[in-house]
Amino acid sequence: MGNVAFAARALCQGLEIPYVMPEKNNKGTLVTGAYYSPEEICLPFKIMMGNFLECIERGADTILFVGSCGPCRFGEYSELMMKILRKMEHDIDFIVFDMSPEIGIGEIRRRLGKVLERSPVSLARKLSAVKKAMKIQYLCDRLDRAAYLKAGYEARKGGCKRLLNEYKARLYECQSPEEALNILKLYVKKLASIEIDKSKKPIKIAIIGEIYTVIEPFSNLNIEEKLMDYGVSSERMLTPSWWVKDTALKPLKLNSLRVSRAAAKYLPYPVGGHCKECVGEAYLAGKKAMDGAIQILPMGCMPEIIAKSILPTIQKDTNLPVLTLIVDEVTGEAGFITRVEAFLDMLSSRRKKPDMAS
Amino acid sequence: MKIGIPRGLLYPKYHIFAKAFFKALGAELIISPATNKKILDEGVKLCADEACLPMKVFHGHVAWLRDRCDALFIPRFMSIEKNEHICPMFCGLIEMLKSNINGLPRVIDEPIYSFHRDKLFKWARRAAAGITSDRQRIKAAFDRAWDMQGRASLGYRDEYDLKIALIGHAYNVFDEFVNMDIRKKLNKMGIGIVTGECVGKSDIEAQAAKLFKKPFWTFAKEYYGAALSIFKNSMADGMIYLSSFSCGIDSVVTELIKIELGDFPFMVLKLDEHTGEAGYNTRLEAFADMLKRRRAGFDNNLSQYGQCGICRTRSLPGA
């Protein structure tokens with residue numbers, strides 16, 4: 001899932017737990033995953049299933065997974081994955097971290113213990129490993145965010161994209177959390193030194209939608225990189241580090257206050273998934289006078305379909321154009337690009353003749 | 001005051017309560033007609049393309065009622081069992097409707113948490129706010145409606161030699177237009193229908209408890225539990241799951257059921273606005289034939305070329 005793999009690997013390295021690093025998501029992953037998944041389940045399930053099967057082939061014997069308790073389908077993933085893997089006769093230890101009150105704190109501790117008992121290092125080193133992993137995640141997200149934003153302003157085109165790909169390739173090869181941190185720090189500096197042209201006024205787009213499909217570039221056909229190629233600045237609030245913060249603050253109801261407030265007018269009750277975030281971000285993007293928003297969702301995603309129904313109202317209220325892109329395993333790249341290009345053309349002509357646009 | 005009640009989604013489950021309650025409050029009721037082609041077409045036009053068929057049908061019902069009533073009763077079911085949800089779409093249904101349909105009258109849309117009588121009564125007090133302020137009357141109306149709903153029973157249990165368990169959302173199983181009157185079609189072929197309502201609550205809970213994780217969707221729990229109880233107690237000879245295309249819950253539940261059933265006959269029928277009746281009939285007929293053949297004990301892998309599958313006589317000319 002996007003850059004989470006780097007942090008997760010650093011955590012395993014720090015805890016000295018043997019791990020299998022999945023390959024970067026590719027067509028093969030999806031084909032395998034989709035083959036063994038239910039036909040109508042959403043795209044993230046299929047990609048994850050593909051990841052699991054690839055890792056099992058390369059010797060993994062335990063799967064760590066997070067769960068939720070609805071109302072979106074993600075909460076039922078673990079149940080279904082376990083059953084499918086068992087049916088395929090893979091003997092896998094499936095450990096699920098779940099916030100459900102049904103389980104109780106004892107069971108959560110038991111499951112956590114099952115993971116930690118494999119780690120030979122002391123408690124202090126365990127904590128420091130967690131801290132380092134979080135730091136890696138945070139830096140990755142910061143780098144991505146800065147690069148996507150800067151891409152519209154860079155004096156020589158292509159610099160940001162090159163740096164992003166470079167740091168990812170180097171992180172993929174690196175062997176310890178410390179090394180990863182050094183690489184990240186180096187690239188934060190490198191990115192800061194990229195020359196920018198302040199006179200440019202690039203198109204600015206907010207990327208909103210379902211969290212997995214916006215974070216994992218493979219699932220959204222690399223939309224952010226494509227936008228960089230077009231010299232467009234993009235912004236996205238949903239990142240893995242945002243998710244960590246959000247989950248930690250949820251019990252106190254202090255999570256993403258700004259977005260919740262913005263969404264309250266359109267969506268007074270919780271509906272699950274990240275529908276509220278999607279609606280709130282769209283509204284805020286409209287208020288900030290960004291040029292447009294692109295909503296990405298996997299086919300059949302229930303919370304995002306609700307969001308999609310509400311977005312036209314926000315478009316009317318804030319004059320923000322929104323393009324909805326739905327992805328699944330048969331999404332063709334050419335049609336996808338055509339739609340993005342048409343959208344960008346429309347945005348730039350709107351700028352030239354704002355009154356013509358409506 | 002005229003209150004409109006759309007005959008869509010969970011209407012078969014709550015209509016007795018809703019009608020009794022609003023009538024006792026002194027409101028005039030307008031109920032949209034049974035789903036028909038016009039309602040479906042209107043709904044498809046108004047609703048987001050990606051939504052499931054029942055949501056589109058519901059949009060059609062609401063559009064029909066729009067200019068015919070002063071207030072619309074659209075239940076916002078948040079949770080009907082403690083710590084469980086039903087479906088995300090139900091929580092956001094009202095926002096979808098308001099966004100998709102212009103010129104809606106006042107909507108009675110207070111969230112419903114109906115797992116406890118007191119919780120539901122709180123809803124009743126808020127829902128009655130615009131109709132009457134007489135507290136005694138609200139209480140009496142609520143008690144009456146609660147009793148009537150409590151006595152109501154839903155579901156089919158046909159007495160036929162061959163029986164099919166029909167599992168799925170109430171709005172697919174009981175809406176005769178949406179499911180193209182599957183019950184009549186099967187009855188004509190000499191097959192009866194058993195629905196999930198025949199299974200007791202404790203049996204459902206017992207089956208659901210065997211899952212690794214208790215499902216947080218009440219729907220999922222009910223369908224999974226009912227399907228497995230029917231299968232384990234041999235209450236039917238085959239099973240049909242009526243599923244709406246792109247339904248998130250169905251995509252998980254059908255798979256969970258399928259894994260448990262082994263070689264028990266099981267068919268998933270997907271419904272959406274493009275479902276053609278001819279193809280639907282063919283699948284039902286094929287399924288029925290298969291069940292009959294199984295019953296007759298001819299379920300082997302030998303080719304039946306040139307033979308009648310049931311009586312095993314050579315019935316084709318020239319064969």
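Computed from heavy atoms alone, side chains included, the values below leave out hydrogens, waters and symmetry copies. In what follows, chains are A, B, ... by sequence order, proteins preceding strands, each numbered from 1.
Of the listed residues Lys258(B), Met89(B), Glu84(B), the one with more heavy-atom pairs under 4.5 angstrom with chain A than any other is Met89(B). Across Arg76(B), Met78(B), Met55(B), the residue that shares the most heavy-atom pairs under 4.5 angstrom with chain A is Arg76(B). For the set Leu256(B), Leu211(B), Asn100(B), the count of heavy-atom pairs under 4.5 angstrom toward chain A peaks at Leu211(B). Of all the listed residues (Cys47(B), Pro88(B), Cys87(B), Ser246(B)), the one sharing the greatest number of non-hydrogen pairs under 4.5 Å with chain A is Pro88(B).
At a 4.5 Å heavy-atom cutoff, the contact between Lys87(A) and chain B is made by side-chain atoms alone. Using a 4.5 Å cut-off between heavy atoms, Glu260(B) contacts chain A through its side chain alone, with no backbone atom that close.
At a heavy-atom separation below 4.5 angstrom, chain B is approached by Ile326(A) within residues 323-336 of chain A.
The pair Glu40(A)-Lys270(B) meets the salt-bridge criterion, with a side-chain N (NZ, NE, NH1 or NH2) lying under 4.0 Å from an Asp/Glu carboxylate O.
For the 3.5 Å distance criterion, the side chains of Thr313(A) and Ser99(B) qualify, holding a donor opposite an acceptor.
The main-chain N or O of Gly75(A) is found under 3.5 Å from a side-chain atom of Lys213(B) such that the two form a donor-acceptor pair. No donor-acceptor pair closer than 3.5 Å links the side chain of Glu50(B) to the backbone N or O of Met299(A). Judged by distance alone, with hydrogens and angles left aside, the side-chain atoms of Glu95(B) form no donor-acceptor pair with the main-chain N or O of Leu267(A) at under 3.5 Å.
The salt bridge (charged side-chain N to carboxylate O under 4.0 Å, His left out) check on Lys56(B) picks up Glu273(B), with sequence neighbours excluded.
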